[in-house]
Amino acid sequence: MIPFNRPCVTGNEQRYIQKAIQTPKLSGNGPFGKRCTDWLENHLNCEKALLTPSCTAALEMTGLLIEATGGDEIIMPSYTFVSTANAFALRGASIRFVDVEPETMNIDPAAIERAITKHTKAIVVVHYAGVSCDMDAIMKIANRHHLWVIEDAAQALMSNYKGKPLGTIGHFGTISFHETKNYTCGEGGALLVNESDAIDRAEIIQEKGTNRSQFIKGMVDKYTWRDIGSSFLLSDLNAAYLYAQLQNADHINDDRLSTWNHYHQALQTLNESVSLPFIPEDCSHNAHMYYLKTDDENTRQQLIEYLKAHDIMAVSHYVPLHSSHAGEKYGRFIGEDLYTTRDSERLVRLPLYYGMEEEDINHVVTHLHSYFKK
Ligand SMILES: *Cc1c(COP(=O)(O)O)cnc(C)c1O
């Protein structure tokens, strides 16, 4: 069976974990954590990166940082993972789901603008498949209405918009190192703080609401409870695994891109039967995902079954949040749902992981061609 995903291992993970055990400093913000945050700050040219237990946790930190509360409205796509919405529903805020653009499955800036009211506090954008949203348009809208912008860049490490790394354009960016993402440590994430004024508070929130991080830097002589917060730290054991991957980031990226490009070239002739991904001119992407859209949900189901019968795991993706039980309770869709539901039902993701064998890529391509020839 060709799996949909295989967690990435590059070689140095075990050695670094061994080193972390010997140090011994296993809790958060340890030596490997420092190497990872330095790497992120240098490579992404961002002011402050904090490692978190997950992207979910990093999103929850942004809910605290913008002080989202009951009565606030947060605009985001309905086509996303539950964590994007949970982070703000947990603060009592109300979620305003809007439509995506069908070419990229990214939030539609015009739909954002139409959903803004005097209660709107923030826009959360999701860079689907590691391909950037229209950030110029979104930042312009946000600035005009004085709104926070949070980039859910869970899938988007190593992707750029007009040369700027994703996650560093809005006020905050969040990244995931879950095993299904390009760079992983099992479970893990990062918060990118692009707003200088928010750095001190982000460090306090990460350390259970204490100024322990200032204490460690020798800036205060004892640490105390300063604010609400939680334990938003990543163990140094996980950071050790992650550092091995970050050191190999270019290599992993090139490998994934070559698989992505292989699919893209080999599937061009299916253009009549399916829609293929579209990468806008301003974007360079990290090959997080290769997806097709069939004509309808029925065809997608048949295709998934056909591929499965030929030992290929292809999978659907998000069920629009506004149609879910919790989505109805904590938010609602604003405007017309032209593409979210329709396109979420047609979308199917192909196997793509670091080190995918050429033979396996060809196997997937061959069976896609044979399915659509029928
Ligand atoms: C994976 C993902 C998350 C959650 O990441 P975790 O690290 O598992 O918490 C959030 N948002 C999006 C868009 C994702 O793809």
Side-chain angles (χ1 to χ4, degrees), residues 4-5 7-8 28 36 40 49-64 74-90 95 97-98 100-101 104-107 122-133 135 138 149-159 166-167 169-170 172-192 206 230-235 238-239 241-242 245-246 256 277 285-291 315-322 324 326-327 331 340 343-344 347 349 352-353:
F4 167 67
N5 175 57
C8 176
C36 291
L40 289 167
L50 301 174
L51 292 186
T52 57
S54 61
C55 181
T56 301
L59 285 162
E60 286 176 25
M61 287 181 74
T62 69
L64 290 164
I74 314 289
I75 297 172
M76 65 180 65
S78 174
Y79 189 69
T80 183
F81 189 59
V82 293
S83 299
T84 323
N86 262 325
F88 304 94
L90 274 165
I95 313 299
F97 297 112
V98 300
V100 288
E101 298 183 308
T104 55
M105 300 305 278
N106 282 334
I107 195 164
I123 302 166
V124 189
V125 304
V126 179
H127 302 297
Y128 188 69
V131 178
S132 181
C133 298
M135 290 311 292
I138 291 163
V149 174
I150 295 150
E151 295 176 74
D152 181 342
Q155 306 172 9
L157 183 55
M158 299 288 281
S159 294
L166 299 190
I169 302 166
F172 303 103
T174 65
I175 290 173
S176 174
F177 301 117
H178 186 263
E179 74 165 40
T180 51
K181 303 305 200 286
N182 295 20
Y183 311 93
T184 182
C185 58
E187 301 272 0
L191 173 68
L192 309 180
Q206 185 193 30
S230 190
S231 180
F232 287 119
L233 297 142
L234 184 75
S235 156
N238 288 62
Y241 192 106
L242 180 62
Q245 308 237 320
L246 295 180
R256 295 187 71 107
H285 72 108
N286 63 356
H288 175 61
M289 190 191 295
Y290 197 90
Y291 65 82
V315 295
S316 60
H317 210 186
Y318 305 130
V319 173
L321 293 181
H322 75 279
S324 67
T340 299
D343 282 29
S344 68
L347 189 145
R349 297 176 290 161
L352 203 174
Y353 43 86

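Everything numeric here is computed off the predicted structure, so don't read it as measured data. Whatever order the structure lists ligands and atoms in, that order sets their numbers, starting from 1.
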To the nearest 0.5 angstrom, please state how far the SG atom of C55 sits from the NZ atom of K181.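 With rounding to 0.5 Å, SG (C55) is 7.0 Å from NZ (K181).
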Testing the basics here: between [X] and [Y], what is the closest heavy-atom pair and its distance to 0.1 Å?
X    : Y    : result
L321 : A85  : CD1-CB, 3.9 Å
A239 : C36  : O-SG, 3.4 Å
T52  : S54  : OG1-O, 2.8 Å
C133 : I107 : SG-CG2, 4.1 Å

Mark up the atoms of ligand 1 that fall under 4.0 Å of a heavy atom belonging to [X], in ascending order.
X    : answer
Q155 : 13 (C), 15 (O)
T56  : 4 (C), 6 (P), 9 (O)
G188 : 7 (O)
V126 : 13 (C)
S54  : 7 (O), 9 (O)

Check: H178 N/O within less than 3.5 Å of ligand 1 N/O: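 Checking ligand 1 against H178, no N or O pair falls under 3.5 Å apart.
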E187 N/O to ligand 1 N/O under 3.5 Å: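 Between E187 and ligand 1, no N or O pair is found under 3.5 Å apart.
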Tell me the contacting part of [X] for ligand 1: side chain, backbone, both, or neither, using a 4.0 Å heavy-atom threshold, strictly below.
X    : value
D152 : side chain
A154 : side chain
Y318 : side chain

Is the closest side-chain heavy-atom distance between R256 and N286 below 4.5 Å?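 A side-chain contact under 4.5 Å is absent here.
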Heavy-atom check, side chain of P77 versus side chain of T340, under 4.5 Å: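 When only atoms from C-beta onward are counted, T340 and P77 do not touch, as no gap falls below 4.5 Å.
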May I ask whether K181 places a heavy atom under 4.0 Å from ligand 1?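 K181: in contact with ligand 1 (<4.0 Å).
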Top protein contact for atom 3 (C) of ligand 1, by heavy-atom distance: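 For atom 3 (C) of ligand 1, the nearest protein heavy atom comes out as F81 CD2, 3.6 Å.
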Could you check atom 7 (O) of ligand 1 against the protein and tell me its nearest heavy-atom contact, residue, atom and distance included?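 The closest heavy atom on the protein side is S176 OG, 2.7 Å.
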When the ring planes of Y79 and H317 are compared, do they come out parallel, tilted or perpendicular, using 30° and 60° as the limits?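 Aromatic pair Y79/H317 classed perpendicular.
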Please assess L352 against M289 for the test side-chain contact (heavy atoms from CB on, under 4.5 Å), listing each intermediate value before the final yes or no. CA-CA 7 Å; L352 203 174; M289 190 191 295; 5.8 Å; no
